[in-house]
Amino acid sequence: MVRMVLTLPLVAALAVATGVVGLDAQSKPRKIYASLVDKKGVPVTPVTPADVVVREDGVAREILSVEPATDPMRVALLVDNSQAASSSIQFLRDALGGFATRLTGAGHSVALITLGDRPTLQVDATTDLARLKSRGIDRLFAQPNSGMYLLEALIETSRGFTKNDTPRPVIVAVVTEGREFSTASADLVVRAIRDSGAQFHALVLTDGDRADLGEDETRQRNIVLDRGTKENGGQRETVISNMAVKDRLDTLATELLAQVAVTYASPQRLVPAEKISISAAREGVTARGVPVKVARVPVPER
């Protein structure tokens with residue numbers, strides 16, 4: 001039998017050459033909940049360590065394992081019920097009911113926060129579908145003469161996740177293009193979402209009233225919807241017809257339920273990495289996810 005023996009200098013040289021740093025005495029495992037989807041938004045299965053690339057400040061890290069994500073999600077549904085949503089309410093009830101049915105049926109908790117007039121917690125996070133529907137979704141009505149407070153709701157929701165050390169938080173905003181009344185800056189909102197570790201997805205309904213794009217509140221909201229989703233493991237989708245809302249939320253539910261937990265080796269360091277990214281190694285596949293803020297990650301068996 002022939003054994004291959006690599007000297008330490010050679011091992012170090014190979015690590016530098018490949019740009020991959022593995023798990024050793026100076027490293028610890030970290031986790032990212034990630035979605036891998038094809039060009040049609042269909043989850044890719046199975047996913048192996050060779051299918052994903054994780055980088056910290058541009059440096060690729062060794063992927064230790066990829067497994068189905070089994071930890072329960074805590075999903076905050078932020079729904080626009082301002083006057084601009086008047087024509088969408090019936091479609092929203094139906095679509096949100098289907099989305100909640102799939103998530104709670106898989107053991108994940110869902111909260112409902114409405115945005116018209118002011119951010120209002122209608123139903124706290126629960127796996128009880130009947131309660132979520134009877135006390136929240138089925139009671140969804142548009143508030144007359146009201147505007148939307150999406151940015152304030154995002155800040156409050158994110159800070160709640162941070163305060164409660166929520167291990168797998170998700171924010172799903174379903175909003176119109178109506179007037180925004182929040183005065184928070186986009187930078188503040190995006191930072192709050194990032195600090196909470198929440199994934200942020202947004203569906204923007206265009207089948208209704210539209211705010212003046214020249215208003216600063218509208219500009220700040222659009223920045224958050226673009227940057228906030230891209231930088232926090234989600235996506236912004238434009239829904240041009242109310243009849244398409246149910247289909248888009250069903251697609252999102254499928255993606256969330258098919259997520260994987262990617263564990264990788266991260267070196268011990270005094271200053272944490274400023275940018276952690278995940279990408280797909282397969283052509284035609286998109287990977288998105290965010291690092292877990294609160295988790296005790298076991299070291300995978302090698």
Side-chain angles (χ1 to χ4, degrees), residues 33-47 68-81 85 87-115 122-123 125-140 150 157 168-177 198-208 225 228-230 232-260 284-290:
Y33 290 118
S35 301
L36 274 81
V37 297
D38 63 18
K39 294 180 180 179
K40 295 182 179 180
V42 178
V44 173
T45 57
V47 182
T70 56
D71 294 332
M73 287 181 282
R74 184 163 182 168
V75 181
L77 271 175
L78 277 54
V79 181
D80 182 12
N81 67 327
S87 63
S88 305
I89 290 297
Q90 186 57 52
F91 297 94
L92 287 175
R93 289 190 198 130
D94 184 40
L96 293 169
F99 181 82
T101 297
R102 294 192 62 189
L103 269 293
T104 58
H108 305 290
S109 60
V110 179
L112 179 66
I113 299 99
T114 52
L115 309 176
Q122 301 292 349
V123 183
T126 181
T127 57
D128 186 341
L129 177 63
R131 180 172 180 270
L132 185 60
K133 293 185 70 175
S134 64
R135 298 190 181 185
I137 294 173
D138 293 343
R139 293 184 180 183
L140 195 62
L150 172 63
T157 301
R168 194 181 171 193
V170 179
I171 299 173
V172 176
V174 184
V175 299
T176 69
E177 293 185 312
Q199 299 171 49
F200 177 34
H201 299 267
L203 270 62
V204 182
L205 315 184
T206 63
D207 197 358
L225 290 172
T229 51
K230 290 176 183 177
N232 293 284
Q235 61 176 330
R236 169 184 177 167
E237 286 199 73
T238 299
V239 183
I240 61 176
S241 170
N242 284 325
M243 292 185 291
V245 179
K246 184 175 178 60
D247 178 65
R248 299 317 304 154
L249 276 176
D250 188 58
T251 299
L252 177 57
T254 299
E255 176 181 329
L256 292 173
L257 293 173
Q259 284 188 332
V260 293
V285 175
T286 298
R288 47 179 168 258
V290 292

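Between the CG atom of L112 and the CZ atom of R131 there is a distance of 11.0 Å, given to the nearest 0.5 Å. Taking CG from L203 and CG from L225, the interatomic distance works out to 10.5 Å, rounded to the nearest 0.5 Å. Here OG1 of T157 is found 4.5 Å from CD1 of I113. Values are rounded to the nearest 0.5 Å. Interatomic distance, Y33 OH to Q199 CD, rounded to the nearest 0.5 Å: 9.5 Å. Once rounded to the nearest 0.5 Å, the distance linking CG of N81 with CZ of R139 reads 14.0 Å. From R236, atom CZ reaches atom CZ of F200 across 9.5 Å, with rounding to the nearest 0.5 Å.
L150 approaches A173 most closely through the heavy-atom pair CD1-CB, 4.1 Å. In this structure, R74 and A125 approach most closely via the heavy-atom pair NE-CB, 3.2 Å. Summarising the geometry of G98 relative to K246, their closest heavy-atom pair is CA-NZ, 4.2 Å, with the distance given to 0.1 Å. Across every non-hydrogen atom of L249 and F99, the tightest pair is O-CD1, 3.3 Å. Contact between A287 and L36 at its shortest, heavy atoms only, is CB-CG, 3.9 Å. Residues S241 and D207 come closest through the heavy atom pair CA-OD2, 4.2 Å.
With R135 contributing its side chain and Q122 its backbone, the two residues share no donor-acceptor pair below 3.5 Å. A donor-acceptor pair is defined here as one N or O able to donate and one able to accept, closer than 3.5 Å; such a pair exists between the side chain of R93 and the backbone of L140. Here the side chain of D80 pairs no donor or acceptor atom with the backbone of A85 at under 3.5 angstrom. Proximity of a side-chain donor or acceptor of N242 to a complementary backbone N or O of S87 within less than 3.5 Å is detected.
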**OP:** Test L92 against I137 for side-chain contact (heavy atoms from CB on, under 4.5 Å), laying out the working first.
**Re:** CA-CA 8 Å; L92 287 175; I137 294 173; over 6 Å; no
**OP:** Please report the C-alpha distance between R288 and V37 in whole Å, then the side-chain angles of each, then the deciding distance to 0.1 Å, and finally whether the side-chain contact (heavy atoms from CB on, under 4.5 Å) criterion is met.
**Re:** CA-CA 9 Å; R288 47 179 168 258; V37 297; 3.8 Å; yes
Subject >> side-chain contact (heavy atoms from CB on, under 4.5 Å) evaluation trace for S109 with T127 >> reply: CA-CA 4 Å; S109 60; T127 57; 4.0 Å; yes
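A side chain to side chain contact (heavy atoms under 4.5 Å, CB included) with S35 holds for exactly one of Q235, H201, E255; it is E255.
Not counting sequence neighbours, the partners of D71 by the salt bridge (charged side-chain N to carboxylate O under 4.0 Å, His left out) test are K31.
Each side chain to side chain donor-acceptor pair (under 3.5 Å) pair with one or both residues in residues 94-105, not counting sequence neighbours, appears once here: R102-D250, R102-T254.
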Would you mind writing out the side-chain donor-acceptor pairs for residues 38-45 within the sub-3.5 Å range, not counting sequence neighbours?
| unit_1 | atom_1 | unit_2 | atom_2 | d |
| --- | --- | --- | --- | --- |
| D38 | OD1 | K40 | N | 2.9 |
| D38 | OD1 | G41 | N | 3.1 |
| D38 | OD1 | V42 | N | 2.9 |

